[in-house]
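For clarity, every value in this text was computed on a predicted model and none was experimentally measured.
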Amino acid sequence: MKACVGNAWWRPAITVALMIALNACTTTVKINPVSQLPAAEAAHIPDAVPQAEPLSKNGNPAFYDALGQRYFVMSSAAGYEEQGVASWYGPGFHEGNTSSGERYDMYGMTAAHRTLPLPTYVQVTNLSNGKSVVVRVNDRGPFKKGRIIDLSYAAAAKLDMLRDGTAFVDVKALVPGGSVPATDTVSADTHATTMFIQAGAFSAAANAERLLNELRQHGHADAFIRNDVVKGQPLYRVRIGPISTVDQFDTLVAQLKSLGINDAHLALD
């Protein structure tokens, strides 16, 4: 388990119980100094190739606690897809232990996720430029609020997110042996993606209206209700936006948390 994510956010040491449960490494600033490969060269490292593997003997407890939050490890990655913010970790953790017990290789196509089974293969797409990579999840994290995946240096280089440290991404689990979409092209439609913060979703319109009024009373004039039909039933999604930057996302998530809304997340239109 690493202790750092993009944007220079440093995670404090995890409790001994957690470190035992996940077989995590100790928090060390320079585990193994390494000469950093230029981003342009790292971007040519081949993607991970999904293959059937048994679950790791380490890093797959039924649940674990980190920074006061309990996380339940998924029994299967089938059907998993999520949009949110990705970060990355690099030289300070090169060759340190991951939660699976493997050595972290900043030049490997790997990633950390809080709840996916270890290992799991996922396709990660940068929603700002359409670039995609396939990585193997073998570590736990990130534990910063609003982050859904922590990528290796090489994966971040291929997604062109090293400089910013974070990026809006789509993460989709892949089935070993199944087809993997091309990852070396840039989608022409990516820049048309509109992103929002979803503060809540309700089957009853009155509940959605109640939350909408509360948000507007606290200055969120761009809050609105999106009406959808899911499996033949109405669904009222309360959203804020559109948003365009990770800083804006982080600010809104923090504001919503102060209102008692702890499950706000990125949503695409």
Side-chain angles (χ1 to χ4, degrees), residues 1-11 25 29-50 82-96 98-100 102-114 116 118-174 180-187 190 193 195 245-247 249-250 266:
M1 176 191 304
K2 78 277 164 299
C4 178
V5 296
N7 276 3
W9 179 80
W10 189 263
R11 180 166 59 83
C25 65
V29 175
K30 284 293 181 181
I31 290 175
N32 184 42
V34 61
S35 178
Q36 189 163 305
L37 191 69
E41 294 182 39
H44 289 92
I45 294 174
D47 281 4
V49 178
E82 185 177 7
Q83 294 81 40
V85 178
S87 47
W88 66 273
Y89 60 121
F93 309 95
H94 186 63
E95 294 192 355
T98 64
S99 296
S100 65
E102 301 171 358
R103 291 289 185 180
Y104 170 61
D105 179 2
M106 62 183 283
Y107 301 119
M109 294 299 292
T110 62
H113 191 278
R114 292 189 292 268
L116 282 171
L118 303 183
T120 293
Y121 291 86
V122 297
Q123 182 176 44
V124 183
T125 302
N126 186 334
L127 296 174
S128 298
N129 58 26
K131 295 182 179 181
S132 291
V133 296
V134 174
V135 296
R136 180 176 176 269
V137 178
N138 68 345
D139 203 0
R140 291 287 173 223
F143 296 107
K144 179 176 173 62
K145 182 69 176 178
R147 306 295 184 259
I148 64 170
I149 196 167
D150 220 0
L151 300 166
S152 68
Y153 172 83
K158 296 186 74 169
L159 291 179
D160 194 20
M161 56 171 281
L162 288 175
R163 182 183 60 185
D164 292 338
T166 56
F168 289 119
V169 296
D170 176 84
V171 181
K172 182 178 182 180
L174 299 176
V180 179
T183 61
D184 58 353
T185 58
V186 176
S187 169
T190 298
T193 300
M195 293 173 282
T245 69
V246 173
D247 285 344
F249 173 85
D250 288 342
L266 186 71

| query | How about Arg147 and Asp250: do any of their side-chain heavy atoms sit closer than 4.5 Å? | reply | yes
| request: Please tell me if the side chains of Arg140 and Leu118 come closer than 4.5 Å, counting only heavy atoms from C-beta onward. | output: yes
| So, the side chain of Asp170 versus the backbone of Gln83: is there a donor-acceptor pair under 3.5 Å, distance only? | no
| said: I need the Asp47 CG to Tyr121 OH distance, nearest 0.5 Å. | reply: 12.0 Å
| Should Met109 and Pro46 count as side-chain neighbours, where that means a heavy-atom distance under 4.5 Å? | no
| request: State the CG-NE2 distance between Leu151 and His113, to the nearest 0.5 angstrom. | output: 11.0 Å
| field | Interatomic spacing from CG in Leu159 to CG in Asn126 - rounded to 0.5 Å | value | 5.5 Å
| request: Dump the intermediate steps for side chain to side chain contact (heavy atoms under 4.5 Å, CB included) on Val85 and Lys144, then the final yes or no. | output: CA-CA 10 Å; Val85 178; Lys144 179 176 173 62; over 6 Å; no
| query | Say you draw a straight line from OG1 of Thr125 to NZ of Lys172; how long is it, rounded to the nearest 0.5 Å? | reply | 9.0 Å
| note | Nearest heavy-atom contact between Ala112 and Pro142 is O-CD, 4.0 Å
| Between atom CG of Asn138 and atom OG1 of Thr98, what is the distance when rounded to the nearest 0.5 Å? | 4.5 Å
| request: Indicate the atoms forming the closest heavy-atom contact of Met106 with Gly90, along with that distance. | output: SD-C, 4.2 Å
| request: Might you point out which heavy atoms bring Gln123 and Ser132 nearest each other, and give the distance in Å? | output: NE2-CB, 3.9 Å
| request: Scan Thr166, Asp164, Asp150 and name whichever one has a side-chain hydrogen bond (donor to acceptor under 3.5 Å, both in side chains) with Ser87. | output: Asp150
| query | Is the Phe249 ring parallel, tilted or perpendicular to the Phe168 ring (thresholds 30°, 60°)? | reply | perpendicular
| message | With a 3.5 Å distance limit and no angle check, can you tell me whether Tyr104 reaches the backbone of Tyr89 through a side-chain donor-acceptor pair? | response | yes
| query | So do Val135 and Val122 actually touch side chain to side chain, heavy atoms under 4.5 Å? | reply | yes
| Are any of the side-chain heavy atoms of Leu127 and Met195 separated by less than 4.5 Å? | yes
| request: Check side-chain contact (heavy atoms from CB on, under 4.5 Å) between Ala156 and all other residues, then give those that pass, not counting sequence neighbours. | output: Trp88, Met161, Leu162
| query | Taking C-beta and beyond as the side chain, do Glu82 and Ile149 meet within less than 4.5 Å on heavy atoms? | reply | no
| remark: Heavy atoms of Ala42 and Ala157 approach each other most closely as CB-CB, 3.9 Å
